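Worksheet for the structure shown next.
Naming: A, B, ... by sequence-line order, numbering from 1 per chain. No experiment lies behind these values; they were computed from the predicted model shown.
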2 protein chains.
Amino acid sequence: MERAEEPRWLNSEEREAWLTLVAVIMKLPAALDAQLQQDAGISHFEYMVLAGLSEAPARTRRMSDLAGFTESGLSRLSQVVSRLEKRGWVHRSTDPSDGRITLATLTDEGWAKITQTAPGHVEAVRALVFDPLTKAQSRQLGSIGKRIMGAIDPEDRCLRESAPL
Amino acid sequence: MERAEEPRWLNSEEREAWLTLVAVIMKLPAALDAQLQQDAGISHFEYMVLAGLSEAPARTRRMSDLAGFTESGLSRLSQVVSRLEKRGWVHRSTDPSDGRITLATLTDEGWAKITQTAPGHVEAVRALVFDPLTKAQSRQLGSIGKRIMGAIDPEDRCLRESAPL
DNA sequence: AGGAAGTACTTGAATGTTGAAGTAAAAGCT
DNA sequence: AGCTTTTACTTCAACATTCAAGTACTTCCT
């Protein structure tokens, strides 16, 4: 059982693309964190949580739903929401119709925070990602990302909406 | 100074591509770690360090050089190399020609480890990234990644070799 | 109705990462 | 030569993240 088939090594083009992609997944999160920490004193993950609430009906979402949106586990989310609650941006309450469920709601202060923070963050995303790409590449990036996510997490909600790849 | 120009919001295509890319940078590292942890008991970062040494002349590289290769800071690298040293896969020595420099060398055990681990890891990379893509998309992925890295880290060594984008 | 099983989160200990300060060697300045 | 600065790394403390319980509520089964 220990005998391996000759592995299908990456060719030089693939190898280079792979190393570049690894560089991106190492550095892009750091770059996003740096901008948000600098300009707003929050991490990218915290931004995602606030953004996820801001676009939800009644600015409210259940924890597990938010965990799905932020691609994180409940444990991490719970701790981060605790911090956001201490800062006065989020409020937690128990769902009256099911006591197991925790609802997270964006406060007015939280709304103000994300509203102030979003424009600068969008600028950073443009500067780091979309401005350096052609329109065709931006479109390709979406398709490529969706295909990779399909392989990582086949039953994810990333393929649910939006038809063409 | 507080008056912002109307921000250039992302259009729906860009927004979707962006959310997908965020999902990839959140989940792909976790998926790589899971495979390597499962099959070899090491993290992706540790794999990168071993791989970086394995392809260097005399299986040896200075710490700051390795830090560049792994896109990390010296602090993190130093701690990880300490762990790898305790496991017997890497050996540290001081450069005889410059006492400030630390050289990390892959031991024979380290070479055996990376040699056993690489085929399974390459399979995982293929399964998660290249198999779901067309050849053209794989090529595009390289170009797109390079352009994004160019924006994140303009004076990086990612643009030095390899001409076309 | 009562107990077992499942769901939705929260918490706490172990581990990993980051950032600032520390050490040590080499280079530059006068 | 002696003193400052720079370079290359290491370490320590603060902080974040993960994993394995723990809690509380609901649903299922008999």
- In whole angstrom, give the distance that lies between atom CZ of A/F45 and atom C1' of C/dT17. 17 Å
- Message: Under 4.0 Å from OP1 or OP2 of C/dT7: is there any side-chain N or O of A/S64 that close?
- Response: no
- Item | Distance in angstrom units between B/D33 CG and C/dG16 P, rounded | 11 Å
- Choose from D/dA24, D/dT7, C/dT18 the nucleotide whose nearest atom is closest to any side-chain atom of B/Q79. C/dT18
- Given C/dA26, D/dT17, D/dT11, the nucleotide with the shortest approach to the side chain of B/R100: C/dA26
- Closest to the B/M63 side chain, choosing from D/dT10, D/dT17, C/dT10: D/dT10
- Task: Quickly work out the A/I101 CD1 to C/dT7 C1' distance and round it to whole Å.
- Result: 9 Å
- Item | B/R76 side-chain N/O to C/dT17 phosphate OP1/OP2 under 4.0 Å | yes
- Item | Under 4.0 angstrom between B/R83 side-chain N/O and C/dT17 OP1 or OP2 | yes
- Modelled atom types, side-chain donor and acceptor of A/T70 and A/R76, under 3.5 Å: no
- Between atom CE in B/M26 and atom C1' in D/dT17, what is the gap in whole Å? 12 Å
- Look at B/R92 and D/dC9 and indicate whether a side-chain polar atom (N or O) is within less than 4.0 Å of OP1 or OP2. no
- Among C/dT18, C/dG12, C/dA8, which is the nearest nucleotide to the side chain of A/S75? C/dG12
- Message: Of the listed nucleotides (D/dC9, C/dT7, C/dA25), which one gets closest to any side-chain atom of B/D98?
- Response: C/dA25
- Task: For B/E46 and C/dG16, give me the distance from atom CD to atom P, rounded to whole Å.
- Result: 8 Å
- Query: Just how far, in rounded Å, is P of D/dT17 from NE2 of B/H44?
  - Reply: 20 Å
- Message: Quick one about A/R92 and A/S82 (side-chain donor to acceptor, distance below 3.5 Å, no hydrogens or angles considered), yes or no?
- Response: yes
- Item | Side-chain donor or acceptor of B/S138 paired with backbone N/O of B/T134 under 3.5 Å | yes
- Message: Looking at A/T102, I'd like to know whether one of its side-chain N or O atoms comes within less than 4.0 Å of OP1 or OP2 on C/dT10.
- Response: yes
- Starting at atom CD of A/E85, determine the distance to atom C1' of C/dC9, rounded to an integer number of angstrom. 13 Å
- Task: On the 0 to 90° scale, with breaks at 30° and 60°, tag the B/H44-B/H121 ring pair as parallel, tilted or perpendicular.
- Result: tilted
- Message: Under 4.0 Å, heavy atoms only, any strand: does A/L74 hit a base, just the sugar-phosphate, or nothing?
- Response: base
- Query: Counting only heavy atoms not in A/R15, do more than 12 fall under 6.0 Å of its CZ?
  - Reply: no
- Whole-Å distance between C/dT10 C1' and A/R62 CZ? 15 Å
